[in-house]
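In what follows, a structure is listed as structure tokens, so that the remarks can point back to it.
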Amino acid sequence: MTQLLDIRKPDCTLCKLHQSAQVVCQLGFGSKTPEVMVVSKMANGKEWQADLEQELSDMGLDLRTAYFTQAVKCRTFDQDPSNGDIKTCKSYLDEEIAALKPKFILALGNEALLATAGRSGITKYRGRIFNHPSGAEVIPTVSPSAVKRNPGQRPGYLADLRLFVNRVRGVANGIPKPNYTVIDTREKLDSLKRALSITSRMDFDVETAGGDYFNDTGVIVSLSATCVIKTKDGPKRYVFALPLHHPESPWRRRWKAVLQYLAPELSKIKDTTAHNGPYDAKWMIKYGCDIRLKFDTLLGLHLLNENIQKGLKPACQARLGVEPWGIDTKDLLTKPLDQILQYNVLDTWYMYHLREQVEQELRAQPRLWKVFKYVMMDGVNELVRSEMRGIWLDVERLKERTPIMEQKLKDIEEAIMIRAGLSDGLGTTFRPDLVEPELAVEDWPIQKILKTRGPVYAEPNFNASKFARWMLFEHLELPVLERGKDKANGDPGDPSMAEGVMLALKANHPVVPLMLERVEYQKTLSSFFHPYAELYDEDHRIHTNFKMAGTVTGRLSSGKNDEDKISAVRGKLRGVNLQQVPRSPFVRGVFGTPPGWSFVESDYSQIELRIVAFLSRDPTMLHLYKTGADIHLATAASVLGIPPSQVTKDDRKKAKAVNFGFVYGMGWRKFIQTAFEKYQSVFTEEEARAVRTAFFDQFSGLQPWHQRQRRLVNKYGRVQSPIGRIRHLPDIYSPDEGVRAEAERQAINSPVQSFGSDLAVMSMVQINRKFRKKGIEGHCIGLVHDAVNYEIRDDHLAKALPIIKDTMEDMSLIKKKFGVHVDIPILADLKVGRYWGDAREIEPEEVYNWAA
DNA sequence: TGAAGTCGCGCG
DNA sequence: AAAGCGCGCGACTTCA
């Protein structure tokens, strides 16, 4: 220990922390000749120390070989170390490491990550392996205190600990390295073709560079697969790596032809696996290989636990205990080919073993396995085709409507400036510094007075910016009703410009309603029209990226590809979110169908409330749905105390928000807030309580159902949808009551939302199958949670419309596949037209008697 | 300059 | 005692 005492400097003043420290420069404790060093942030509390030791020792770590220390050596509760402090203090940790020479370092939390691996971003780097200059191996994970606050992080945390312990113990990697064939000659290509013709299962992965699957700017760099081949001696595994477009590839000029040469065999393989399969499938389909995915390991992992990281590498490291592998996949074309192929092969090789494990776990839960097959895998294969087809954009309409919106925005901004006294309306914009002469130049609230970065703007910025806040709350002296979160330095937050606040200020100054109106124009342009103009392809179609593992409930998410979120490659089209296109016909109406085709939108009518009725068995709701009554109308009448005949459309709309809110656990406070923000209705506390009580009196089965869900989640830590999709809610074990209550509300909402979305996906699958079988030219364009959108050839509408409606409303398949008898009517409303936004509602009679 | 975090708002 | 749920993304700010 003498070395350690030499390191310690109790009078250290290198950073600010010594000022408030109870102990300056506190070193660690434990083995004097440690194999393992555990580094946390600071020596405070460490109330998790005992738990951590227990977990590590349960996993097989010998604690006698461990030494525990921290990245920041000062011990203080009053100051938070900055990254600079951590880097300063790192010299002590480095000396500690040099003196003790651990072989493995477990870094707990971002501060320890920074001090041991020199990078920041624990959520990104956790569970990866880094090399410390001392030669030690560093594995970072989240801090135990973060896990304690948020038990949802626990599974990932334990997986990281397990990886660490396995590395320390040198637990043999149970998976041998693969022997693989590089297909680099004509003979090998021919023998690959023969092998593929007798392949019964193929777990594959493509590496790509640049561009996208729906245009010709991208290339496939290589294709690799682990195949199962039928031989007379039984099934054998065969692993290949096929270089395609790469400077060192023999096929670099003929890569598309090579793929087409193999396409007939590749297309015939029924049992295929990929990780995030739609990505690989789309590239393969684009180049002629008609892949249908049988198993997607990412989707399987998601179904087993919707809360964990689903990347191939973290999953394989945690589940298979394999060593990390991987290369930087940026600029693949400049990397050595053999490296790429080896990486590509390991992806498929480990994926093969991952599937074995995931499939076994899914099959062990028969209902979950059915959800996997009938919702996830059936659904994803259809969605791949929808994404590739894209949605048709009326470019002419977009080009007409964009300038209209731009002019409106310009006009309203000018009106705001005039009303705020910042412009004379004749082209002279007064500079704020002239309006407020005492304002120092460096305080000019003009957007971005940029000294070092970007262009210098002189125009005011009406979004929630310094300028807008200055204009409203300083220049016009409007009252500050709410503020954002306090700043890091303790200053109060910025005045809120949220919609609710602005609505409350509406009468205070004429610029407020103008500002509110402006938001819509701004949003339309920046989020919709402008991106659309960049995104359509040569067929005037826009592509989205649906994720089947994008939500915890099983809903799809829609948006751009993950790669594009980091940086959109030049000349590359990005995806667009098709689930948040504004409902106004002015915006939605830019999407439609090319001549000769019709846009058909079919919505489930009030699907979630019907499922609530089904699950809660509330007698009133069941009665209302069985007799075909309108539940929103009924609530409005009951809440307002008037007969249903006197309920206006607007009343009904308000009731909708009430229904959903109360059904999912909204309290009276939130009710007052929503009622005001959405509909400007003012309720007193007593009125709000009364409305809530009246609601639960009317639907007397709801609160008992809430109680059942609460009991379930408290007992099992998870809830299930009617067909067996599971939502894990580990937060129910949180010591924080608010966090627990949130988990209880989620336990109420999840089975409902989940079942609704699974119904929509299964309907889409069935509709597509029926269309194919009957030769109907109709293609699904996308799903919007409880609605399916189709593009259907005009002369096929008469046959197609009844299929859509009947399939969506028919619950017998649910009975047949899952044994669940949905005993309430499920209805679908259809709209038909040339455009999405302009589509006309179709009465049921017309669905069955379509006359063009 | 880039990443991360927050707010606000589009949809269901 | 009280507590709607589920997303993606643009714009802005802050941090390093």
Side-chain angles (χ1 to χ4, degrees), chain A residues 82-84 86-87 110 114 119-124 306 447-448 452-454 461-469 482 484-485 487-489 493-494 496-502 519-520 522-528 530-531 544-545 547 550-560 562 564-567 574-584 587-588 603-604 606-608 612 656-671 673-674 677 692 706 727 737-754 756-757 760 783-787:
Chain A
S82 70
N83 284 8
I86 292 162
K87 280 179 189 157
N110 199 44
L114 186 64
R119 42 193 100 201
S120 182
I122 188 64
T123 49
K124 183 174 172 190
E306 72 285 2
Q447 177 198 32
K448 295 181 187 172
T452 54
R453 179 174 173 172
N461 177 351
F462 295 93
N463 297 323
S465 63
K466 282 182 180 162
F467 173 83
R469 290 197 171 89
E482 263 182 57
K485 276 182 44 179
K487 308 269 179 173
N489 61 12
D494 293 328
S496 168
M497 288 178 62
E499 194 187 13
V501 173
M502 298 293 279
V519 170
E520 187 196 327
Q522 158 71 24
K523 176 94 181 167
T524 301
L525 287 168
S526 70
S527 292
F528 306 108
H530 287 158
T544 187
N545 179 38
K547 283 190 201 163
T551 77
V552 287
T553 57
R555 274 189 174 181
L556 310 183
S557 74
S558 158
K560 32 186 162 195
D562 286 343
D564 300 341
K565 285 176 194 161
I566 302 158
S567 65
R574 297 170 300 154
V576 61
N577 185 331
L578 284 184
Q579 292 180 333
Q580 58 179 47
V581 182
R583 306 179 71 185
S584 90
V587 185
R588 229 169 234 209
D603 282 58
Y604 270 123
Q606 303 177 34
I607 189 69
E608 288 200 9
V612 166
K656 211 168 159 180
V658 173
N659 279 335
F660 282 115
F662 286 154
V663 161
Y664 294 135
M666 180 172 65
W668 59 266
R669 283 171 196 280
K670 180 68 187 265
F671 169 73
Q673 198 191 330
T674 348
E677 282 177 9
R692 192 170 187 273
H706 285 185
R727 171 87 186 267
E737 201 150 344
V739 174
R740 282 206 307 273
E742 192 178 355
E744 290 183 346
R745 293 194 299 277
Q746 289 162 335
I748 292 166
N749 170 273
S750 263
V752 179
Q753 194 182 108
S754 168
S757 117
L783 262 67
V784 188
H785 306 308
D786 63 353

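Letters A, B, ... are given to chains in the order of the sequence lines, protein chains preceding strands, and every chain is numbered from 1.
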Legend entry - Contact under 4.0 Å: A:Q580 side-chain N or O vs C:dC7 OP1/OP2: no

Legend entry - Secondary-structure notation, DNA chain C, from Watson-Crick and G-U pairs under 3.5 angstrom (| other strand): ....||||||||||||

Inset, instruction - Report the residues that fulfil salt bridge (charged side-chain N to carboxylate O under 4.0 Å, His left out) with A:E520, sequence neighbours left out, ordered by chain and then residue number. - result: none

Inset, instruction - Determine: side-chain N/O of A:R583 to OP1/OP2 of B:dG12, distance under 4.0 Å, yes or no. - result: yes

Inset, instruction - Please determine if a side-chain N or O atom of A:T553 lies less than 4.0 Å away from the OP1 or OP2 oxygen of C:dG6. - result: no

Inset, instruction - For A:E742, enumerate each residue passing the salt bridge (charged side-chain N to carboxylate O under 4.0 Å, His left out) test, keeping only those at least two apart in sequence or located in another chain. - result: none

Legend entry - Under 4.0 angstrom between A:R669 side-chain N/O and C:dA3 OP1 or OP2: yes

Inset, instruction - Respond yes when some side-chain nitrogen or oxygen of A:K560 is under 4.0 Å from OP1 or OP2 of C:dG10, and no when none is. - result: yes

Legend entry - Heavy-atom pair of closest approach, residues A:S558 and A:T544: OG-OG1, 2.9 Å

Legend entry - Distance below 4.0 Å between A:R745 side-chain N/O and C:dC5 OP1 or OP2: yes

Inset, instruction - For A:A760 and A:H785, work out which heavy atoms get closest and say how close. - result: CB-O, 3.5 Å

Legend entry - First encountered from the 5' end of DNA chain C, between A:S750 and A:R692: A:R692

